[in-house]
Structure formats: structure tokens, C-alpha cells
Amino acid sequence: MNIYQHFRPEEREYIDRVLQWKDIVENQYSSKLTDFLDPREQHILKMIVGESGDVKYALFGGSHHSERKRALLYPDYLAPTDEDFQITLFEIFYPKKFVKIEHRQVLGTLMSLGLKRGKFGDILMNDNGQVQFFAASEIGEYIKNNVESIGRAGVKLAEAAIGQAIPLEEHWEETELTVSSLRLDTVISGVCNLARQKSQSLVGAGLVKVNWTVIENPAFICEPGDMISVRGYGRVKILQLDGKTKKEKWRITVGKQK
């Protein structure tokens, strides 16, 4: 069976990595810890590793509600714990009375350190100005020694206990839809209640991201696990495909951010 036929062509490199991780665990009888994976990458890993083989997997991102998670592939005789995922929670201290820090500024500062996005998990914020983020423990010291400002704010970073993470404040409303196809413009039209032409113009203008990557092709085919972000209309997750109707339309379940 050709495993690649079940996924997108551009995902082949990542699929090869997952297969390599699986082989390492099978042949060396040792666990393999990945970087932080986005929901689509987690979905692919679950599909490839499966539930019934000698290689098992677990996912954890610092909180059990995390969006981005590290994966641990391990032999079936091991019983992993949260500590095995080697995740550090950082809190950002800054003069809240005088400046506001935004999500994009935190991410931009972390990426400017020359590290991969996979080394960082979720960025957490609340209405009180508290800001935290999860990071791979192996880069913890490097981050602390190199982050002194975010935007215009001077900052200090301090490690916090994982259990002190800001509670998830996102709310998702689950909805069932029927769409004529899984094309990106069609799915956006169904989710956002827009005309097809409007959806196409949003995609063409670079205002749509799928799995944190700008997609400008309206014919891009959506799949389970995809996170779609439309500027001005919020985010939606494709939770599952529920099959086709008698008229060959797709029934899908999505989670829309409230």
C-alpha cells in the first residue's frame, strides 16, 4: 500500500520523518521525543503510527488542552509520564500598566532567536495581561539568556510550574455542515456563510491560512485536523468528515472559535 496517497504531496517530507521515528523505536527499543507539532501534524502521526502496533504514541503540550503538542513514540512496555515530554513553562514579566504585549510579538521575538517554530508550544494570555509560553526544555537556558525585550517592552522571563499555566480560555462551537466539495473556498463559504466569490477573493488576497501557512489556492483540498484561519472571520478546525449525502455532497463537523 502506498501510504503517501492518503496525504498531500507537500506532506511527504514530514511523513518520511514520522516513518523514520517509528523505525527508530522499533529497531532500538527506545523512545523518540519530537518537537511541538501542530494539529495537522499530530493527525498524520496518529494515522501512521496507529493504535495496534508495537510502537505507541502519546501527545502532550504542557497542558492537556494545548493546541501544539510534543509527541512521544515509545515501545509498548513503557509507561510515559508528563515529565518525559521535557516541556518548560515560561512566564513573561513586563510593565503591564504602561504597555501591552500581543501574541504575534511574543512569537516574533522567539522566532528571531533563530530557533524552529517546533521548539515552542502554545502562547498563553489572559485579560489581566499575564503572558506565558511553553518551550522545549532543551532550549530553556538559551531563551532566558537571549530574550530581554518584546515589542517596546523590557521583559524578564521566569520558569513556572506546569500546573500554573494560564487556563485555556478559547471556546469552540461544534457545528455540522454540508458542502459541495472540500475545496478551501467552498469550506470557507460554508463556515463563514459567504458567497463563493467572496471566499475566493479572501484566499487570493492572502488572508487565509491553513495550519499556520498562507494558502492562496482556492482549490486547496481541506482534510481532517486542518486549522483554517480567515482574517476578520476567526478560526475553524475541521474535526471530521462524516461521509457523503445521496447528492454527493460532503457532511463535515467543524469547531468554530467563539
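Because the structure is predicted, anything quoted here is derived from the model rather than measured.
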With a 3.5 Å cut-off and sequence neighbours excluded, list the donor-acceptor pairs that the side chains of residues 207-215 form with protein atoms.
{"unit_1": "Asn211", "atom_1": "OD1", "unit_2": "Met227", "atom_2": "N", "d": "2.9"}
{"unit_1": "Asn211", "atom_1": "ND2", "unit_2": "Asp226", "atom_2": "OD1", "d": "3.0"}

With sequence neighbours left out, write down each residue that passes salt bridge (Lys or Arg N to Asp or Glu O under 4.0 Å) with [X], or none if nothing qualifies.
X	result
Lys119	Asp35, Glu138
Asp122	none
Glu141	Lys144
Arg251	none

> What are the two closest heavy atoms between Ile139 and Leu115, and how far apart are they?
Replying inline: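 Where Ile139 meets Leu115 most closely, the heavy atoms are CD1-CD1, 3.7 Å.
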
> CD1/Ile150 to OG1/Thr109 distance, rounded to the nearest 0.5 angstrom?
Replying inline: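 Spacing of CD1 (Ile150) from OG1 (Thr109) equals 5.0 Å.
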
> For residues Gln240 and Asp242, is any side-chain donor paired with an opposing acceptor at under 3.5 Å?
Replying inline: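 Present: a donor and an acceptor within the cut-off.
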
> Taking only residues at least two apart or on different chains, which pairs with a member in residues 7-42 satisfy ring-ring contact (aromatic ring centres under 6.0 Å, His included)?
Replying inline: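 Listed once each, the pairs would be none.
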
>> When you compare the side chain of Leu37 with that of Leu45, does any pair of heavy atoms fall below 4.5 Å?
In response: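 With C-beta onward as the side chain, the pair touches.
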
>> Contact between Tyr233 and Leu194 at the side-chain level, heavy atoms closer than 4.5 Å - yes or no?
In response: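 A side-chain contact under 4.5 Å exists here.
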
>> Could you check whether any side-chain N or O of Thr253 sits under 3.5 Å from a backbone N or O of Glu176, counting only pairs where one atom can act as donor and the other as acceptor?
In response: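 Side chain of Thr253 to backbone of Glu176, a donor-acceptor pair under 3.5 Å: no, none is there.
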
>> Quick one: does any side-chain atom of Gln132 pair with a main-chain N or O of Gln164 as donor and acceptor, under 3.5 Å?
In response: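 At least one qualifying donor-acceptor pair exists.
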
Please enumerate all residues that pass ring pair (Phe, Tyr, Trp, His ring centres under 6.0 Å) together with [X], with sequence neighbours excluded.
X	value
Phe134	none
Phe60	His64, Phe85
Tyr57	none

Tell me every residue that passes side chain to side chain donor-acceptor pair (under 3.5 Å) with [X], counting only those two or more places apart in sequence or in another chain.
X	answer
Glu223	Arg40
Asp82	none
Glu102	Arg104

>> Check this for me: does any side-chain nitrogen of one of Arg235 and Glu67 sit under 4.0 Å from a carboxylate oxygen of the other?
In response: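 Counted as a salt bridge, because a side-chain N and a carboxylate O are separated by less than 4.0 Å.
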
